[in-house]
Amino acid sequence: MPNVFMNKTVTVMMVSLAIAGLIGISDGASPIVDHMKEDVVTHAKKELRVPAYDSIVYTPLWIEYLKEQPDDGKQVVGIFGPSTVFGTTVMKGANTSAGVLQVHLKDSRVLNMGLTGGRFTETYAVLASIIDEVDYVVYEINYGIAVVSDNEPNVTVYPSLITKLDQNISRSWLNDFPDKNRQSLPSDIHNWATSNFLSKWTLYHDRDVISYKLFKTRTPMEKIRREIKKEQDKKNGVTPSYAPMYTAYDKMQDKHKEEINNHFKQLYTWNKPFNKDESFGLFMIEKTLDLLQEHNKTAVFYSAPLDKEHITKKNLLNWDDYNKVMGAYQELIESRGYPYIEFNKGKENTIPHKLYRDPSHLLDEGNKMFGEILYKKLIQYGITNS
């Protein structure tokens, strides 16, 4: 009997210590999150976007801050899309499309809500999380995102981001897409538990922020994998290759040019012929259009300007496929009453080849040039200072 009593006592003590430890860690976590949020807000106000690395961690903090601010009466313009909107290859925030628009729209606030690596699902979550804070939506559709949305079984790259923004996407959305991996979205039970309980706990809700602060990575496991790979590469005599992020394609080494060409040729290749009736990408844009209409938002969609000259020279994509796919997106968008601007119609590049880093990403000078072109187009659709 004494042993049983002692075992129970020890168990209670261990559980109590564990709970006390978690409470202590949680209390210590809040200052870390608050400090990072302050840094993100300071940077975003100055550069018109969150820090470039890692925007997946920083964007929710920026959105939280924006939602906390009182309405000051200014028109808010939000630009949404993937890395080409964020400006992954653009050094200065002022040279992103959002930065250029902000110069012209002095009486408005322009928000760069581009998300590096994000697909239509992540962009939907970002837009849904801030839909009440924006008046005018500018949405870029990148052809590469359209392809991977249909090609790959996983429908999201960052499911934790969608959960963190509390914009849960139900697995029922995949009912008509048997080729998609239902496990790539959290279950309804998980979503309910997260929204009602777990997300109220800083240690869980901001675990990516804490991990990034402590380990410079979104999760400790990711850090471990990186270190293991680094050691394996060192042991095998492998020297990591890296194509400079802010360097023009023509100024890169041949091996980096080849890596870029191979990557984009693979990115732009369809696993099976495009079918608009079976396209998950189109489905997500339809959901996005529903969201805009439900909130009565003004919006304009446009295609990301590609380096047509280089793509054609290296045969990186089939232009008949491009016209069929993007034509389907344009048809859907315009059928719902929203304008669509196609920047890849003509034979010539919208932006000169020398100003590209790769087939879809522009450098500072090129992105600033495109921002001016985009602004002039948007004027036709009512984007003004009033």
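These numbers were taken from a predicted model, which means no experiment stands behind them.
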Practice task
Could you give me the CA-CA distance, side-chain angles and deciding distance for Arg109 and Asp72, then say whether salt bridge (charged side-chain N to carboxylate O under 4.0 Å, His left out) is met?
Solution key: CA-CA 10 Å; Arg109 181 178 297 106; Asp72 60 4; 2.6 Å; yes
Handout entry: Asp150 (side chain) donor-acceptor with Phe280 (main chain) under 3.5 angstrom
Key = yes
Exercise for the section: Side-chain contact test, heavy atoms from C-beta onward, threshold under 4.5 Å: evaluate it for Ile141 versus Tyr139 and give yes or no. Expected result: yes
Problem - Close side-chain approach of Phe301 to Phe80, heavy-atom, < 4.5 Å - result: no
Practice task
For the pair Asp364 (side chain) and Met91 (backbone), establish whether a donor and an acceptor sit closer than 3.5 Å, ignoring hydrogens and angles.
Solution key: yes
Practice task
Verify side-chain hydrogen bond (donor to acceptor under 3.5 Å, both in side chains) between Ser195 and Asn168, making sure each step is shown before the conclusion.
Solution key: CA-CA 9 Å; Ser195 297; Asn168 302 319; 3.1 Å; yes
Practice task
Could you tell me whether the side chain of Lys368 reaches within less than 4.5 Å of the side chain of Glu365, counting heavy atoms only?
Solution key: no
Exercise for the section: May I ask you to say whether Glu68 pairs ionically with Lys37, meaning some side-chain N is under 4.0 Å from a carboxylate O? Expected result: yes
Handout entry: Worked check of ring pair (Phe, Tyr, Trp, His ring centres under 6.0 Å) between Phe343 and Phe370
Key = CA-CA 10 Å; Phe343 283 108; Phe370 175 68; 5.0 Å; yes
Exercise for the section: Kindly say whether Tyr246 contributes a backbone atom to a donor-acceptor pair with the side chain of Arg357 at under 3.5 angstrom? Expected result: no
Handout entry: Electrostatic pair Lys164-Asp206, nearest N-O below 4.0 angstrom
Key = yes
Handout entry: Residue pair Lys297 / Tyr338, side-chain donor-acceptor N/O under 3.5 Å
Key = no
Practice task
Can you measure from CG (Asp358) to OG1 (Thr84) and round to the nearest 0.5 angstrom?
Solution key: 10.0 Å
Completion exercise
Here the gap from Tyr158 atom OH to Thr116 atom OG1, rounded to the nearest 0.5 Å, amounts to 7.5 Å
Practice task
Would you verify whether the NZ or CZ of Lys257 falls within 45 degrees of the ring axis of Tyr249 while also being under 6.0 Å from that six-membered ring's centre?
Solution key: yes
Problem - Heavy-atom side-chain contact between Tyr65 and Leu61 under 4.5 Å - result: no
Handout entry: Between His361 and Thr88: side-chain donor-acceptor atoms closer than 3.5 Å
Key = no
Exercise for the section: For Gln330 and Pro339, indicate whether the former's side chain and the latter's backbone hold a donor-acceptor pair under 3.5 Å. Expected result: no
Handout entry: Heavy-atom closest contact (Val157 atom, Glu122 atom, distance)
Key = N-OE2, 2.6 Å
Exercise for the section: For Ser184 and Val155, indicate whether the former's side chain and the latter's backbone hold a donor-acceptor pair under 3.5 Å. Expected result: yes
Problem - Validation row: Ile131, Glu294 side chains within 4.5 angstrom (heavy atoms) - result: no
Exercise for the section: Compute whether any side-chain donor of one residue and acceptor of the other, for Asn367 and Asn95, lie under 3.5 angstrom apart. Expected result: no
Fill in the blank from the handout: CH2 of Trp173 to CZ of Arg182, rounded to nearest 0.5 Å, is 13.5 Å
Handout entry: Backbone N/O of Ile56 and side chain of Thr59: donor-acceptor pair under 3.5 Å
Key = no
Completion exercise
Looking only at heavy atoms, the pair that brings Gly366 and Leu362 closest together is O-CD1, 4.0 Å
Fill in the blank from the handout: Rounded to the nearest 0.5 Å, the CD atom of Glu309 sits from the NZ atom of Lys314 at a distance of 11.5 Å
Handout entry: Donor-acceptor under 3.5 Å (Tyr302 side chain, Leu378 main chain)
Key = no
Handout entry: Side-chain touch Gln167/Tyr124, heavy atoms, less than 4.5 angstrom
Key = no
Handout entry: Minimum side-chain heavy-atom gap Leu267-Asn151 below 4.5 Å
Key = no
Practice task
Applying side-chain contact (heavy atoms from CB on, under 4.5 Å), run through Met252 and Ile260 and close with a yes or a no.
Solution key: CA-CA 10 Å; Met252 291 184 188; Ile260 286 174; 3.5 Å; yes
Exercise for the section: Taking all heavy atoms of Val85 and all of Glu140, pick out the closest pair and write down the distance. Expected result: CG2-CB, 3.5 Å
Handout entry: Audit row: Glu331, Lys276, salt bridge (charged side-chain N to carboxylate O under 4.0 Å, His left out) steps and yes/no
Key = CA-CA 11 Å; Glu331 181 182 9; Lys276 67 179 183 179; 3.6 Å; yes
Practice task
Give a yes or no on whether the backbone of His310 and the side-chain of Asp307 come within a donor-acceptor separation of less than 3.5 Å.
Solution key: yes
Problem - Verdict with reasoning, Arg119 to Glu152, per salt bridge (charged side-chain N to carboxylate O under 4.0 Å, His left out) - result: CA-CA 11 Å; Arg119 297 187 186 168; Glu152 298 188 10; 2.5 Å; yes
Exercise for the section: Check Val77 against Leu105 and note the closest heavy-atom contact, atom names and distance. Expected result: CG2-CD1, 4.1 Å
Exercise for the section: Write down the atom of Ser97, the atom of Ile79, and the distance for their closest heavy-atom approach. Expected result: C-CD1, 4.0 Å
Exercise for the section: Decide yes or no on side-chain contact (heavy atoms from CB on, under 4.5 Å) for Ser149 and Met284, but give the supporting numbers first. Expected result: CA-CA 9 Å; Ser149 293; Met284 281 309 306; over 6 Å; no
Practice task
Give a yes/no verdict on a cation-pi contact between Lys308 and Trp319, requiring under 6.0 Å between NZ or CZ and the six-membered ring centre and an angle within 45° of the axis.
Solution key: yes
Practice task
Using modelled atom types only, decide if a donor and an acceptor are shared between the side chain of Ser279 and the backbone of Leu282 within a distance under 3.5 Å.
Solution key: yes
Handout entry: Atom of Asn344, atom of Ser303 and distance for their closest heavy-atom approach
Key = ND2-OG, 3.7 Å
Handout entry: Test ring pair (Phe, Tyr, Trp, His ring centres under 6.0 Å) applied to Tyr268 and Phe264, step by step
Key = CA-CA 6 Å; Tyr268 293 146; Phe264 278 88; 5.7 Å; yes
Exercise for the section: Applying side-chain contact (heavy atoms from CB on, under 4.5 Å), run through Val138 and Val110 and close with a yes or a no. Expected result: CA-CA 10 Å; Val138 181; Val110 183; over 6 Å; no
Practice task
Would you confirm whether Asp250, through its side chain, and Lys354, through its main-chain N or O, come within 3.5 Å as a donor-acceptor pair?
Solution key: no
Practice task
Show your reasoning for whether side-chain contact (heavy atoms from CB on, under 4.5 Å) applies to Leu127 and Leu291.
Solution key: CA-CA 9 Å; Leu127 175 58; Leu291 178 68; 3.8 Å; yes
Handout entry: Inter-residue atom distance Ile341.CD1 - Ile373.CD1, 0.5 Å rounding
Key = 11.0 Å
Problem - Any side-chain heavy-atom pair of Pro359 and Leu316 under 4.5 Å - result: yes
Practice task
Examine Arg49 relative to Phe86 and say whether NZ or CZ is less than 6.0 Å from the centre of the six-membered ring and inside a 45° cone about the ring axis.
Solution key: yes
Exercise for the section: Quick one: do Asp132 and Lys67 satisfy salt bridge (charged side-chain N to carboxylate O under 4.0 Å, His left out)? Show the steps, please. Expected result: CA-CA 9 Å; Asp132 292 327; Lys67 294 175 71 171; over 6 Å; no
Handout entry: CG-CE distance between Asp39 and Met36, expressed to the nearest 0.5 angstrom
Key = 7.5 Å
Exercise for the section: Is it possible for you to say whether Ile130 and Val41 belong to one hydrophobic cluster, with membership spreading through side-chain heavy-atom contacts below 4.5 Å? Expected result: yes
